[in-house]
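Reviewing the structure listed below.
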2 protein chains.
Amino acid sequence: MERRLNLEDVGRRAGVSRSTVSRVVNGGHVSSETKRRVEAVIAETGYRPHAAARSLASNSTGVIGLVIPSAAGTLFDDPYFGRLILGISSATNEVDMTLALFLFGDGPDERSIISRVVTPGLVDGVIVTATTRGDPLIDHMQGTNMPFVVVGRPDNAGSTFCVDVDNRAGARTAALHLAGLGCRRPALIAAPSNTTAGVDRRSGFLEGLAEAGLSVEDRIVEGDWSQESGRRAMDRLLAERPDAVFVASDRMAVGALRAIREAGLNCPGDISVVSFDGIVPPDLTAPQLTSVVQPVTEVGERAVRLLTTVIAGASTPEHVVFPTELAVRESCGATPTAEPEA
Amino acid sequence: MERRLNLEDVGRRAGVSRSTVSRVVNGGHVSSETKRRVEAVIAETGYRPHAAARSLASNSTGVIGLVIPSAAGTLFDDPYFGRLILGISSATNEVDMTLALFLFGDGPDERSIISRVVTPGLVDGVIVTATTRGDPLIDHMQGTNMPFVVVGRPDNAGSTFCVDVDNRAGARTAALHLAGLGCRRPALIAAPSNTTAGVDRRSGFLEGLAEAGLSVEDRIVEGDWSQESGRRAMDRLLAERPDAVFVASDRMAVGALRAIREAGLNCPGDISVVSFDGIVPPDLTAPQLTSVVQPVTEVGERAVRLLTTVIAGASTPEHVVFPTELAVRESCGATPTAEPEA
DNA sequence: CTCCTTTTTGGGAGCGCTCCCAACCATATG
DNA sequence: CATATGGTTGGGAGCGCTCCCAAAAAGGAG
């Protein structure tokens, strides 16, 4: 097995210098005749530039990292992260970069992996997501000079680049929609309050309710994003006889729907449900979920684009906020249900 | 902002040479006194070695790639890939390496990303998931000298390292179980026949059936892994009045269960269901699915370990096959259902 | 035909590390 | 006291590329 060849070798075969070959590869100025000859040699030999050498010399790796702390075994049970990764991956491909994935749990190993993320010469920048409120990871990142953008809204957003969806406005819309439908005893299945998405959706919903002169009183239970937690939360809530529930995630809403059905009640007949995410396929539930749709894939793509500007040197923090959109389907009762099932 | 410091700088501050610092960092032989001094300087300055420089000099990057071809927008709808990634990521962390993720669709862009995967100096090796039969990607990889292992069973497995689960045996077990329960009219909701997992599960099931003197006759419909396809397949199958169905994936089984319920029939009362994967949480469905459990996470972890041996120079192809295990729950009817719901 | 501009090309320097060999030092041995 | 032994240490060479400057070639204008 012969040695991999390098720029010099290719140049020798084409009768030009290292530099000229480099120019051909990277699109510099080369006479068309020379270019033709060099390209022929490259095609013939299958030459490919060495990524590490390039990174070292140019001080840029062409790799971006995606960091997801507290990635438990259940990470992908919620379609959210898969969708986000898909968006990030596709945008990464588009800008001709490579994606590195850093998942870590809450163990003590976490620290060492964090430090791997900021290893010089490994990635050009990172996207950080799934952080909890006051997550030390954000502070840690700020202490380095590694370019990074946050997906979500960190507490101290002021000084960081971030892209998020308008959780608060979306939840408010849900409240207004439910109020408009005439509910009297609204309830809330909230997302964990140690996440900004959780608090934003909660406060947005309460705010919308207040505008309509309504209140959840004590009809509020906090879930943990899981379907099972949504089911249990709804079970608990049923004792309070709510006539409308806003569930802070689709996945929890699927569980809530099941609890309603198993209690012998009907959605939307007895209880209207509106959820947040718009991520589970409508057909998957009966009735179809009315949901506040957040553009997850776009968020991922935008995060990559934003990161490239940070890598390129942008320094004044930019906050991108995507609007959400209410998709009215069956579970809220605004539309006649196709086939109300027992 | 001052320049990042390098080995030489650290050495100067500690009064030793570049080489000595390198030895301290990499665990070579250094006197304890010197070591202490150097480590102090490293801690104080926060020095971290430059990954690209290291890769270039040592000809090893510490990065492994995960390649998932034909990754459509629905990739993560099935928990399988998420789970696989989790296993791979955790094993990658354990061996102190970094994971690069290459997802690509079936577009013409695919080609260029494949070539990025084999860029020298980018990754030390890759794990390729074999989805479709006769995937040209496998052949392409064989043409390079990039170490790789396949997750799944490629057609031409002979010459590649791969790790897979025993789909055939697992499906056979399902058939035997159903037969043992006394079914007379078994049916099959198969996985796509352009995947080896699909054909293995199909043939294993038919084989088991044959052993028990049974046959699906024409009670066989092929799904596309999606929940919706499982539902449609079952709908179609109902006309044939099957009394037992083996569904080639949990996700399709969830759809099948719904079709049964919506047709006013009862599972397991009217129809027994056994699925493959064991990946959806039992509580998620009613009745709980009896399923052939495949150890997805372990497969991922094993793939990483195997890849490290290939990178280290292993050259005689190794095929690791994990056994599956039948988890008997409610949907097959072997156990009294907790609460048979309409 | 000379001088100046523009395009094209070559090669030195250097990125930060590892690898390896030679030099060094101390201690143990004949 | 010379010599072997083994643990430490320093520094040259080189990984394959980019960056940059200067040399060479090719035109254009006077």
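Values reported hereafter were calculated over all heavy atoms of this structure, with side chains retained and with hydrogens, waters and symmetry mates removed. Naming convention: chains lettered A, B, ... in sequence-line order (proteins, then strands); numbering from 1 in each chain.
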Nearest-angstrom distance from the residue atom [atom1] of [X] to [atom2] of [N]:
X      : N      : atom1 : atom2 : result
B:L7   : D:dG11 : CG    : P     : 14 Å
A:D9   : D:dG16 : CG    : C1'   : 10 Å
A:K35  : C:dT8  : NZ    : P     : 11 Å
B:L5   : C:dC15 : CG    : P     : 13 Å
B:L122 : D:dC17 : CG    : P     : 14 Å
A:E8   : D:dT18 : CD    : C1'   : 13 Å
B:N26  : C:dC20 : CG    : C1'   : 15 Å
B:R12  : D:dG10 : CZ    : P     : 13 Å

message = Could you check whether any side-chain heavy atom of A:V63 comes within less than 4.5 Å of a side-chain heavy atom of A:M97, counting everything from C-beta outward?
response =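 When only atoms from C-beta onward are counted, A:M97 and A:V63 do not touch, as no gap falls below 4.5 Å.
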
Would you say [X] places a side-chain N or O within less than 4.0 Å of OP1 or OP2 belonging to [N]?
X     : N      : answer
B:H29 : D:dT8  : yes
A:S22 : D:dT18 : yes
A:S58 : D:dT18 : no
B:N59 : C:dT18 : no
A:S31 : C:dT7  : no
B:T20 : D:dG10 : yes

Counting only pairs under 3.5 Å, give me each side-chain donor-acceptor contact of residues 296-308 of chain B, with atom names and distances, residues two or more places apart or in other chains.
from: B:E301; atom 1: OE2; to: B:S90; atom 2: OG; distance (Å): 3.3
from: B:R305; atom 1: NH2; to: B:E94; atom 2: OE1; distance (Å): 3.1
from: B:T308; atom 1: OG1; to: B:R305; atom 2: O; distance (Å): 2.5

note = Among C:dT18, C:dC15, C:dG11, the one nearest any side-chain atom of A:R23 is C:dG11

query = Where the side chain of A:L56 is defined as all heavy atoms beyond and including C-beta, which of D:dG11, D:dC17, C:dG16 is the nearest nucleotide?
reply = C:dG16

Between atom [atom1] of [X] and atom [atom2] of [Y], what is the distance when rounded to the nearest 0.5 Å?
X      : Y      : atom1 : atom2 : answer
B:Y80  : B:T129 : OH    : OG1   : 7.5 Å
B:D155 : B:T132 : CG    : OG1   : 8.5 Å
B:E39  : B:T34  : CD    : OG1   : 11.0 Å
B:I85  : B:L103 : CD1   : CG    : 6.5 Å

task = Specify the residue among B:A53 and A:R54 whose closest nucleotide of DNA chain D lies further upstream toward the 5′ end.
result = B:A53

request  = For B:T34, answer base if it contacts any base atom (sugar-phosphate contacts may also be present), sugar-phosphate if it contacts only those atoms, and nothing otherwise; contact means non-hydrogen atoms under 4.0 Å.
outcome  = sugar-phosphate

task = Would you indicate what A:S19 reaches in the nucleic acid, counting non-hydrogen atoms under 4.0 angstrom: base, sugar-phosphate, or nothing?
result = base

query = Is there a donor N/O on one and an acceptor N/O on the other, under 3.5 Å, for the side chain of A:R4 and the base of D:dG16?
reply =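 There is none.
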
request  = Give me the residues of residues 37-49 of chain A where at least one heavy atom lies under 4.0 Å from an atom of DNA chain C, by number, or none.
outcome  =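 Under 4.0 Å from DNA chain C: no residue of residues 37-49 of chain A.
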
query = Hey, is CZ on B:R13 packed in by over 12 heavy atoms from elsewhere, all under 6.0 Å?
reply = no

remark   = When A:R18 and A:S32 are each assigned the nearest nucleotide of DNA chain C, the 5'-most assignment goes to A:S32

key: Worked verdict on B:T160 versus B:Q142 for side chain to side chain donor-acceptor pair (under 3.5 Å)   = CA-CA 8 Å; B:T160 64; B:Q142 267 160 341; 5.1 Å; no

